[in-house]
Amino acid sequence: MSKAETTAAPNFIRNLITDERAQGQTTKVVTRFPPEPNGYLHIGHAKSICLNFGLAEQFGGDCHLRFDDTNPAKEEQEYIDSIQEDVRWLGFQWAGEVRYASNYFDQLYQWALHLIREGKAYVCELTPEQMREYRGTLTEPGRPSPFRDRTPAENLAEFERMRAGEYPDGAKVLRAKIDMAAANINLRDPILYRIRHAHHHQTGDLWCIYPSYDFTHGQSDAIEGVTHSICTLEFEDHRPLYEWFLANLPVPHQPKQTEFARLNLNYTVTSKRKLKLLVDQGIVEGWDDPRMPTIAGLRRRGYTPAALRHFCDLIGVTRSNGVVDINMLYHSIRTDLEENAQRAMCVLNPIKVVITNMDADVATQIKAPVHPARPELGERVLPFSAELYIDAEDFMEDPPKKYFRLAPGQEVRLRNAYVIRCDQVIKDEQGHILELQCSLDKETLGKNPEGRKVKGVIHWVSAAHAVPAEVRLYDNLFTVEAPDADKEVDFLAHLNPDSLVSVQAYCEPSLAQAQPETHYQFERVGYFCADRHLCQEGRLVFNRTVGLKDSWAKIQKKGA
RNA sequence: UGGGGUAUCGCCAAGUGGUAAGGCAUCGGUUUUUGGUACCGACAUUCCCAGGUUCGAAUCCUGGUACCCCAGCCA
C-alpha cells in the first residue's frame, strides 16, 4: 500500500500541529481515543482512531486509550474488550495502560467541591421537567433555579449527602453556576453530577453519583496531559464549557479541543443506536455480522487493517459534513487484496462440462501460480479431469455478439488449463441443461492456439476433486444511499432482502485447508475471506468481501 | 426566531488575491490465460447566489440562500 503516501488526503489537524511546531508552540503531542464502552466500534471510529493514533505516530507522541465511562447504565465489559481488540487489530498500540475516566472519579469529586467552595456550583432539586422549563428555549433565555443561591456550606452538605447515598436516583443534581441567559445552552448551569445507584463495571458500588461527560472529559484530558483533544463537530458547542472548567479548576495542564467532521458512508448507518437495534432485533447475527459497518464486522467480512487505514487516509479530515461514497471503501480493499490475496478457483453455480477427448496426453495435474504477479508466493496444483464444473454464468446457448465465454461451437480458455470448444448441449426432457460436451485442444496448455484467438477465459474445477464450501455472498445492508435520511420513514424499511445470499459452491482442492481469516481472490469472481469463526477443515465457509469490478455486467446493463 | 458550524466536479478533497491539484465514480482506448490488474486519455471558462473592491477574486467586502449541530439528570 505504498500508494497511501502519495494519495493521502489532507488533514487540517495535522497541518495545525505542523504549524504549531514550526512556531515552537507544541511540545510533545499527546492525543487520546475516548470511546464510551456502550457498543462496538464502527468505521466512523476507525477514522477517529487513525486520526488520534496517527497524529501521535507522525509526531512522535503518545495516544491514550481512555474509556469515557461515566454512565454505568449503558456500559458493559463486553464492549471494553471488543474495543481494545479492534484498536489493536487496526495496528495501533496505546501509550501506557488502558485508562478510564472512572480512574479520576476521586479527583473529579474534589474539583466539584472546589467549585462549590468558590460559589460556582450548587445542588439543585428541580425535577427534570422543571429543569427543562427553567432552561428556556433556543430563542428564550432560561431562569435561575430557586436553589441557585444556596450557600457554599449548604451546598457542601447537600453534595456530601448525595454522595453518601441519602437520596434516590434523580432527586438532586450538582450544577455549575454559569449563566442562565447564555445564548449557548450548554452554559445555562449545566449538570455536573447526577445520582445513579448503579453498579459500575470499574468502580463497583463505590459511587452512587456520577459526573457528566462535560465535567469529566476536559479534566481527564488535563490529568493525562493531553495536548490535542480531538472530537467531532457536535461537541463544538461544548468547547466554551470545556474551557470554563479548565479555567475555573486548578488543573495541571491546559488541553485544547479541536473538532472535525464525523464520517458518513452511503448505503450504511453509523449510529451506535441503530447498529445496536439491528443486533438486538436479530436483523443481523451480531455486532460482528459481516454486513455490519463495525470494525469487527468489516474484519469478518474480509477487510484488512491496511485497507481500513488506507481508506481513512483517502477521505481526509475536515470540518465539512459530507457523505463518503462506499466505492471508496471498496477501492481500498480491492487495492490491498489485488496485491496480497492468494488466487483460487471456485465455482459458485455449477454446470457440468464433460471433456470428450481426454487421453493419456492430457495433463491431470496442472500447476498454477498462487499469485500471477508474484511468483515468489509459489504454486498450487489443480487436478484436471474429464468431468468439470464451470459457472452457469459462463455458458450461454444463444449468446449476444460480444459474449466471449462458452457457447455452442465457441471456444473458451479454461483458466490455467486448456482451450475447449462446446460441441453439444445435453438436456433433460424439461429442457434443463444436464451437461456440456466439449473437446479440448491438447496444444493449448500454457500456450495460445495456432491461427486463432480465444479471448474468453473462464474458471473451473474438477468435479471429482472439488471441495464443497458454503459461500456467503454479502451485499449492502440497505438498498438506498441514505437509509436514515427521511425522518418519517424507519430506516429498517430500506433493508436489503438480499444482503446475504448463501450458496453451496465447489472449490479447487487447495482450499480444503483454508485457515480462518485467509484472504483469497476467487478468480474472475471476487475477494473472499475464510470466516474467522466458522471455517474449518471439513466445513468451509467463505465470506465475500467485495466483488471484482465487472465491466461485462455494465455492458449487459446498457444493452438491457 | 437564539447560538455554533459548513458551502469548490456525481462523491471525497486541495487551493488563503495571480488566472481551478489529487483520489473515487463515470466514459473511451492499449495490454492481458482473471471482461480483473496495469497503463494511456476524457471529465469544473468555473468555485451556493447577487452586488462591490481590484489590472486581476474560489480566495477581500456587503447582502442573501441552503444544509448540519444544540433545548438528555446520553456521550
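Reminder, nothing fancy here: chain letters follow the sequence lines and each chain counts from 1. As the structure is a computational prediction, the values presented were derived from the model and not from experiment. Computed over heavy atoms, backbone and side chain alike; hydrogens, waters and symmetry mates excluded.
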Using a 4.0 Å heavy-atom cut-off across all strands, classify Pro372(A) as base, sugar-phosphate, or nothing. base

So does Arg524(A) reach the base of U34(B) with its side chain, donor to acceptor, closer than 3.5 Å? no

Can you check whether Tyr213(A) stacks with the A75(B) base, using ring centres under 5.5 Å and planes within 30°? no

Would you list the pairs meeting side-chain hydrogen bond (donor to acceptor under 3.5 Å, both in side chains) in which at least one residue belongs to residues 448-461 of chain A, sequence neighbours left out? Asp391(A)-His459(A), Glu411(A)-Arg452(A), Asp441(A)-Arg452(A)

Has Ser320(A) got a side-chain N or O lying under 4.0 Å from the OP1 or OP2 atom of A13(B)? yes

Any N or O donor-acceptor pair linking the side chain of Arg334(A) to the base of U37(B) at under 3.5 Å? no

What nucleic acid atoms does Glu523(A) come within less than 4.0 Å of, heavy atoms only: base, sugar-phosphate, or nothing? base

Watson-Crick/G-U partner (both atom distances under 3.5 Å) of U6(B): A66(B)

Report the base-pairing partner of C11(B) (Watson-Crick or G-U wobble, both distances below 3.5 angstrom), or none. G23(B)

Donor-acceptor pair between Arg374(A) and Asn340(A) side chains, under 3.5 angstrom: yes

Heavy atoms under 4.0 Å, any strand shown: does Phe522(A) hit a base, just sugar-phosphate, or nothing? nothing

Please report the distance separating the C1' of G22(B) from the corresponding atom of C74(B), rounded so that it comes out in whole Å. 40 Å

For a quick check, with a 4.0 angstrom heavy-atom cut-off, what is the B/S/- contact string for nucleotides 67-73 of chain B, read 5' to 3'? -SBBBSB

Where does G72(B) land, syn or anti, once you apply the within-90°-of-0 test for syn? syn

By the 4.0 Å heavy-atom rule, please label Asn416(A) as base, sugar-phosphate, or nothing. base

Output the residues of residues 439-455 of chain A in contact with RNA chain B, where contact means a heavy atom of the residue under 4.0 Å from an atom of the strand; sort by number or write none. Thr444(A), Leu445(A), Gly446(A), Lys447(A), Lys455(A)

Mind checking Glu338(A) for me? I need base, sugar-phosphate or nothing, with any heavy atom below 4.0 Å counting as a touch. base

Please measure how far the P atom in A42(B) lies from the corresponding atom in A21(B), and state the result in whole Å. 13 Å

Which nucleotide, if any, forms a Watson-Crick or G-U wobble pair with C47(B), using both distances under 3.5 Å? none

Of the options Glu36(A), Lys74(A), His200(A), which is the one that meets Asp69(A) in a side chain to side chain contact (heavy atoms under 4.5 Å, CB included)? His200(A)

How would you label the contact of Arg188(A) with the nucleic acid (heavy atoms, under 4.0 Å): base, sugar-phosphate, or nothing? nothing

P gap between C11(B) and G18(B), integer Å: 28 Å

Going by distance alone, is a donor N or O of one side chain under 3.5 Å from an acceptor N or O of the other, for Glu523(A) and Gln521(A)? no

Students often get this wrong, so: under 4.0 angstrom with heavy atoms, is Arg239(A) touching a base, only sugar-phosphate, or nothing? nothing

Touch class at under 4.0 angstrom, heavy-atom based, for Gln521(A) against every strand present: base

Describe the nucleic acid contact of Ala417(A) in one word from base, sugar-phosphate, nothing, applying a heavy-atom distance below 4.0 Å. base

